[in-house]
Amino acid sequence: MRKLLTVLGSHPGGRSAMTCRYRCGDACFHEAPNTSANEYAGDVIARALSRRSVLRAGAVAGVVVAATGAGACSAGADPAGALSSGDPDKAKGKPAKGLRYTPVKPNTDDKVTVPEGYEQSVVIRWGEPILRGAPDFDPEKQSAKAQEGQFGYNNDFLSLLPLDGRKGGQEGGGRRQLLVANHEYTDENLMFAGYDADDPTREQAEIAWAAHGLSVVVVEAEKGSGALRPVPRHRLNRRVTATTAFEVTGPAAGSKWLRTSADPDGRRILGTLNNCSGGTTPWGTTLHGEENIDQYFANTAKVKDDEHRKRLERYALKGTDTERKWERFDDRFDVTKEPYEPHRFGWVVELDPYDPESAPRKRTALGRFKHEAAQPRLTDDGRAVVYMGDDERFEYLYKFVSSKRMRRGGGRADHEHNMTLLDHGTLYVAKLTGDSPEDDIDGSGELPSDDHEFDGRGRWIPLATGDESHVDGMTAEEVYVFTRIAGDKAGATKMDRPEDVEPSPRTGRVYAALTNNTDRGASGKAGPDEANPRKNNKHGQILEFAEKGDDPAGRHFTWRLFLVCGDPDDPGTYFGGFPKDQVSPISCPDNVAFDDYGNLWISTDDAQLGFHDGLFGVATTGRRRGEVRQFLTMPVGAETCGPIVQDRRVLVSVQHPGEEDGASVEKPASQWPDGPDSYVRPAVVGVWRKDGGDIGV
């Protein structure tokens with residue numbers, strides 16, 4: 001039997017109190033803001049349904065920048081193969097192509113550990129200069145002006161784009177690419193020596209504003225190596241911060257709910273906050289999800305208007321002063337002074353990384369909630385479809401379908417047209433129904449008896465199209481600004497923290513990471529259902545679904561759980577039918593990505609089996625479907641984010657290293673990445689094969 005390490009700490013799953021405070025404002029210790037009485041899937045099992053048809057491949061998916069398609073599985077084909085769950089014959093032969101490396105063993109080492117035969121290096125760290133005039137990082141001489149020209153803090157989502165992707169041509173002999181990174185949040189205890197959380201200075205607050213947001217930086221591959229190095233002061237390098245001007249676009253632009261004293265028209269917002277994961281569009285832009293925005297705004301408890309306060313509370317805004325105390329330095333962070341400022345965050349941001357002078361845009365047609373990510377695909381006729389998860393306990397899955405079609409020409413008019421795709425269309429929320437006997441869903445996670453899978457059907461419920469609301473009692477503006485409330489009214493299915501949701505570019509099937517939910521089945525909370533089958537769900541699951549008729553714009557889908565994560569020795573885990581004694585243990589899936597072979601790569605956040613977070617590859621089709629193989633592990637306190645898997649390189653964000661209880665600049669919990677007597681610094685890491693070959697081949 002595998003001996004897993006004991007999880008320590010009083011916070012859920014052992015996550016440090018410091019991470020809970022600075023990353024999500026102690027979300028796990030607040031009551032889940034979804035108090036709706038929505039039925040859950042276990043309550044609405046359609047007993048009369050015939051056995052569901054097996055998952056079919058989705059329509060041709062848009063592939064990142066090229067926006068091309070790849071072949072899908074034959075309709076009616078079972079991606080798991082004909083072998084029964086756990087059949088030992090599945091483990092015979094080689095792992096799936098792209099996953100042929102020696103899995104890294106789970107560990108608690110203070111370093112990034114990679115497979116035998118692979119090398120790694122830091123691509124870029126917090127504080128490295130990227131803009132002209134920015135100084136080298138000096139932790140004792142930080143300033144807001146310096147940080148505005150330096151790589152930001154706590155990098156999360158990553159995108160690598162061809163340097164001249166829309167114009168053709170190459171630069172640097174084809175060795176240069178454009179790296180875009182999110183900067184989710186700041187941890188001032190690890191940024192500033194002698195930091196006083198009760199009395200931060202204005203300069204510290206302004207540095208933190210500048211350390212949030214996005215970075216765009218050109219990177220170049222070293223000759224004779226897989227290492228990437230930043231190209232400082234390149235004309236395309238850019239910083240977007242908490243004070244950058246954004247345009248508001250789409251049907252809620254100008255809404256009264258977005259107007260403030262500084263912006264009486266509701267069309268120009270300063271800054272972006274808590275950018276978690278994101279996506280790369282087929283037309284060459286990047287999308288960035290604003291997630292845990294509640295923690296930045298003070299004094300909800302003092303709001304006297306009951307309706308306004310309840311709307312704020314539905315987005316988890318509570319209490320009086322905030323952790324960072326920004327409300328002391330800018331009135332927009334005090335809801336008693338600027339009551340609608342929180343409504344200006346929680347959107348999907350679109351950035352044109354090829355135009356450093358362009359204003360980023362907040363796309364209101366995609367709804368407002370705690371966006372983890374937004375990864376588009378294209379329908380056969382060229383419309384954009386964006387899948388999205390709302391990362392909080394008992395929140396919902398969404399998708400947006402554009403009404404306009406993408407233009408594939410390379411001209412300016414085509415680009416301007418494509419920059420409007422996400423402003424026009426329909427926003428949907430998901431309702432899932434299980435098809436197993438109700439008694440089989442007992443909260444243990446053990447597979448139901450009818451077909452030994454958690455599976456069922458689902459439908460997309462329309463919420464709004466342009467200026468038309470589909471939700472009784474709500475205007476279209478209210479649907480977009482208060483999307484969570486619209487999902488409540490529509491009867492959407494409460495999920496276990498829906499995070500990254502991405503379609504496979506090879507099969508079209510869509511994969512959603514459901515990270516965990518320790519409140520599932522608790523007193524007064526929604527109980528287990530077939531899509532969320534475990535009480536006190538510490539480890540999470542991966543949902544796989546296929547749109548009916550292979551149409552991403554359709555209203556119906558079939559689904560199944562691809563992975564039920566945790567200790568493989570636990571009978572309440574499942575790995576796509578692969579023998580459980582042959583997989584790497586995995587807990588708390590967060591971000592997902594695909595390689596060119598169709599394998600799913602999963603980064604974890606707060607793994608709850610006693611070892612550090614990591615990056616895992618898993619086959620989604622064929623005889624090896626469900627074989628999870630760990631590729632790397634994180635340093636002490638760090639989370640794995642932003643994975644990119646190219647033919648010869650893997651990139652990950654090492655977020656919040658050293659973020660352990662009691663840690664500070666003076667008492668670091670980690671020495672990564674630069675060793676003793678240096679600041680712990682979040683960074684991007686690249687990994688490649690020593691012999692220069694393809695990853696996992």
Side-chain angles (χ1 to χ4, degrees), residues 13 79 95-96 98-99 101 103-104 106 112-115 156-158 276-279 372-373 375 387 389 391 496-507 509-516 537-545 560-568 573-576 578 580 582-609 611-621 624-634 638-646 650-655 685 687 695-696:
L99 302 179
Y101 50 80
V104 170
V112 174
T113 304
V114 299
D156 194 301
F157 167 73
L158 301 173
C276 194
S277 192
E372 167 74 19
Q375 179 55 54
Y387 297 99
D391 182 12
D496 286 349
R497 285 186 60 200
E499 298 218 25
D500 203 354
V501 189
E502 297 203 16
S504 166
R506 290 184 68 89
T507 69
R509 291 194 299 274
V510 184
Y511 295 81
L514 304 171
T515 296
N516 55 36
N537 180 12
K538 298 178 180 179
H539 303 296
Q541 60 262 21
I542 298 284
L543 178 78
E544 175 188 66
F545 62 91
R560 69 172 115 192
L561 292 187
F562 173 50
L563 301 180
V564 182
C565 301
D567 180 357
T573 56
Y574 175 73
F575 297 86
F578 199 80
K580 297 202 294 182
Q582 301 292 315
V583 303
S584 297
I586 182 173
S587 174
C588 300
D590 188 341
N591 301 141
V592 294
F594 290 91
D595 62 24
D596 286 343
Y597 307 105
N599 300 309
L600 181 69
W601 291 71
I602 306 166
S603 64
T604 64
D605 171 17
D606 186 29
Q608 300 186 20
L609 292 171
F611 44 78
H612 291 173
D613 283 316
L615 180 66
F616 303 76
V618 55
T620 61
T621 60
R624 313 292 292 208
R625 172 179 161 89
E627 182 183 15
V628 177
R629 297 170 66 82
Q630 184 156 13
F631 183 75
L632 57 74
T633 59
M634 290 285 103
E639 169 193 347
T640 325
C641 299
I644 296 175
V645 184
Q646 298 183 315
V650 172
L651 262 65
V652 292
S653 284
V654 180
Q655 194 187 82
V685 169
V687 183
I695 300 294

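We use all heavy atoms of the structure for the numbers below, so side chains are in, but hydrogens, waters and symmetry mates are not. From a predicted model like this one, the values you see are computed outputs, not experimental measurements. Numbers here are sequence positions counted from 1.
In this structure, the side chains of Leu561 and Leu543 come closer than 4.5 Å at one or more pairs of heavy atoms. Put simply, the side chain of Val618 does not reach to within 4.5 Å of the side chain of Arg624, judged on heavy atoms. The shortest side-chain heavy-atom distance between Leu514 and Glu499 does not fall under the 4.5 Å cut-off. Side-chain atoms of Leu99 and Tyr597, non-hydrogen and from C-beta on, never get closer than 4.5 Å to each other. Residues Cys588 and Cys565 fail the side-chain proximity criterion, which asks for heavy atoms closer than 4.5 Å. The closest side-chain heavy-atom distance from Phe631 to Pro103 is not below 4.5 Å. Annotation: side chain of Cys276 is not in contact with side chain of Phe157 (no heavy-atom distance under 4.5 Å). For the pair Phe575 and Ile586, the minimum side-chain heavy-atom distance is below 4.5 Å.
Closest approach of Gly98 and Asn599 over heavy atoms only: CA-ND2, 3.9 Å. Taking all atoms of both residues into account, the shortest heavy-atom contact from Asn537 to Asn516 is O-CB, 3.2 Å.
A distance of 11.5 Å separates NZ in Lys538 from CG in Asp606, rounded to the nearest 0.5 Å. The OG1 atom of Thr515 lies 4.5 Å from the CZ atom of Arg497; values are rounded to the nearest 0.5 Å. Distance CD/Gln375 to CG/Asn591: 11.5 Å, rounded to 0.5 Å. The distance from atom CH2 of Trp601 to atom CZ of Phe594, rounded to the nearest 0.5 Å, is 13.0 Å. Separation of atoms CD (Glu627) and OG (Ser584) is listed at 8.5 Å; rounding is to 0.5 Å.
Of the possible polar contacts, one joining the Ser504 side chain to the Arg506 backbone as a donor-acceptor pair under 3.5 Å is found. When atom types are taken as modelled, the side chain of Thr604 and the backbone of Asp613 share no donor-acceptor pair closer than 3.5 angstrom.
A salt bridge links Arg625 to Glu544: at least one charged side-chain nitrogen sits closer than 4.0 Å to a carboxylate oxygen.
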Under the side-chain contact (heavy atoms from CB on, under 4.5 Å) rule, what do Leu600 and Ile542 come out as? Steps first, then yes or no, please. CA-CA 11 Å; Leu600 181 69; Ile542 298 284; 4.3 Å; yes
What verdict does the side-chain hydrogen bond (donor to acceptor under 3.5 Å, both in side chains) test give for Thr573 and Lys580, after you've listed the backbone C-alpha separation in whole Å, the side-chain angles of each residue and the deciding distance to 0.1 Å? CA-CA 8 Å; Thr573 56; Lys580 297 202 294 182; 3.1 Å; yes
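For Arg629 and Tyr101, the positive end sits near the middle of the six-membered ring, less than 6.0 Å away and at most 45° from its axis.
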